[in-house]
Amino acid sequence: MSTTLIPGIDRVLFTEEQIEARIRELAGEISRHYQGKTVKLIGVLKGSIFFLTALARHIEVPVKIDFLGISSFSNKSGAPGVVRIAKDLDESIEGEDVLLVEDIVDTGFTLRYLLQTLAGRGPNSLAVCTFLDRNSRRIVQVPVDYRCFEIPDRFVVGFGLDHNQLFRNLGYVAALKPDKSA
Ligand code: IMP
Ligand code: MG
């Protein structure tokens, strides 16, 4: 039922059941790593919300949650990679064990900017957990500590990821029909 295709969707890459099972595994790894600590999950709005809440429910150490919003745009020559914080965190991360939660790491520009910014605020530790990783398109090298799934070079939607703000609420991850993502 959850994987009924809607117009614009080409094929399902990960079903709701596959996502849930993989998130449980990842939450187990995270719980073991942060044993005896409190982990602060920082979600990057809006794409990471669905992943962050699913993940948080299965983490077995104390969890704090905060969010930041970013906007990214091209520079004058049309190259991507200009990122700024549009909505900052509500609280300080000084001395905290921070796990930055992303929807997808693509070129790596967004993550590099966020890691530089957050590292300057004195966290006790700073790690990265991404729902999807499209490593084949990486331009800048960034550390990814936890990833749910590696994906092929296709534009994807669902489970938080959007196309023109649509499709975030799909329970599965799907590739868009090629002409839709142009
Ligand atoms: P990066 O800076 O190129 O790594 O871009 C990462 C951001 O681009 C993600 O946080 C998403 O918001 C967006 N993005 C990249 N690929 C996709 C995709 O396939 N579907 C939806 N959003 C994407
Ligand atoms: Mg994003």
Side-chain angles (χ1 to χ4, degrees), residues 2-3 5-16 18-19 22-23 26 41-56 65-89 98-120 126-182:
S2 57
T3 51
L5 288 188
I6 56 175
I9 297 295
D10 187 8
R11 67 184 175 96
V12 174
L13 297 184
F14 306 107
T15 65
E16 229 172 306
Q18 287 172 321
I19 293 170
R22 181 67 187 121
I23 286 179
L26 210 58
L41 304 180
I42 292 187
V44 184
L45 295 169
K46 308 175 192 109
S48 73
I49 292 182
F50 290 74
F51 176 49
L52 184 146
T53 54
L55 185 70
I65 295 174
D66 205 346
F67 292 99
L68 53 77
I70 51 163
S71 56
S72 39
F73 39 92
S74 304
N75 64 18
K76 282 179 195 143
S77 57
V82 184
V83 185
R84 69 173 184 85
I85 292 186
K87 181 230 172 279
D88 209 335
L89 297 171
V98 171
L99 184 57
L100 184 62
V101 181
E102 263 285 21
D103 53 357
I104 181 168
V105 183
D106 189 35
T107 63
F109 283 116
T110 306
L111 185 54
R112 181 176 66 177
Y113 170 80
L114 290 174
L115 285 175
Q116 282 170 351
T117 304
L118 296 177
L126 179 58
V128 175
C129 179
T130 189
F131 178 49
L132 303 177
D133 190 353
R134 199 191 285 114
N135 197 36
S136 59
R137 278 179 38 98
R138 201 74 95 248
I139 295 175
V140 293
Q141 291 312 310
V142 280
V144 174
D145 302 274
Y146 304 95
R147 73 173 56 71
C148 248
F149 302 109
E150 176 71 40
I151 60 162
D153 191 4
R154 290 289 305 272
F155 192 87
V156 297
V157 295
F159 211 76
L161 290 108
D162 75 302
H163 178 246
N164 293 339
Q165 299 302 330
L166 290 170
F167 305 112
R168 292 193 198 276
N169 60 323
L170 300 181
Y172 52 88
V173 170
L176 270 196
K177 290 199 172 124
D179 57 319
K180 298 283 178 189
S181 54

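All residue numbers in this chain count up from 1 along the given sequence. Counting starts at 1 for both ligands and their atoms, in listed order.
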Fill in: Under the ring pair (Phe, Tyr, Trp, His ring centres under 6.0 Å) test, residues paired with F67 that sit two or more places apart
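Checked F67 against ring pair (Phe, Tyr, Trp, His ring centres under 6.0 Å); zero matches.
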
Worksheet item: Which bit of R134 is near ligand 1, meaning a heavy atom under 4.0 Å away: side chain, backbone, both or neither?
Response: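 Looking at R134 and ligand 1, just side chain atoms fall under 4.0 Å.
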
Discussion item. Checking contacts here: is it the side chain or the backbone of E102 that comes within 4.0 Å of ligand 1, counting heavy atoms only? Could be both or neither.
Written reply: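 Answer for E102: side chain.
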
Does the [X] side chain pair with the main chain of [Y], one donor and one acceptor, at a distance under 3.5 Å?
{"X": "S48", "Y": "L45", "value": "no"}
{"X": "D133", "Y": "E150", "value": "no"}
{"X": "R84", "Y": "S71", "value": "no"}

Judged on heavy-atom distance to [atom], which of [options] sits nearest?
{"atom": "atom 20 (N) of ligand 1", "options": "L45, V105, L132, V156", "value": "V156"}
{"atom": "atom 18 (C) of ligand 1", "options": "F155, Y113, F109, F167", "value": "F155"}
{"atom": "atom 12 (O) of ligand 1", "options": "T107, V44, D103", "value": "D103"}

Need the ligand 1 atom indices (1-based, order shown) with element for anything under 4.0 Å from a heavy-atom of [X].
{"X": "D162", "value": "21 (C)"}
{"X": "T110", "value": "1 (P), 2 (O), 5 (O), 6 (C)"}
{"X": "G108", "value": "1 (P), 3 (O), 4 (O)"}

Discussion item. Do the side chains of K46 and D162 get close enough for a salt bridge, i.e. N-O under 4.0 angstrom?
Written reply: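 Looking at D162 together with K46, the answer is no, because their closest N to O distance does not fall below 4.0 Å.
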
Worksheet entry | Option among N169, D103, I19 that satisfies the side-chain contact (heavy atoms from CB on, under 4.5 Å) test with F159 |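 The passing option is I19.
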
Discussion item. Would G47 count as a contact residue for ligand 1, given that I'm defining contact as a non-hydrogen atom of the residue lying under 4.0 Å from a ligand atom?
Written reply: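 So G47 does not count as touching ligand 1.
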
Worksheet item: Can a non-hydrogen atom of L111 be found less than 4.0 Å from any atom of ligand 1?
Response: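 Contact check L111 vs ligand 1: negative.
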
Item to complete: Report the residues that fulfil salt bridge (Lys or Arg N to Asp or Glu O under 4.0 Å) with D66, sequence neighbours left out, ordered by chain and then residue number.
Response: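 So D66 forms no salt bridge (Lys or Arg N to Asp or Glu O under 4.0 Å) with any residue.
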
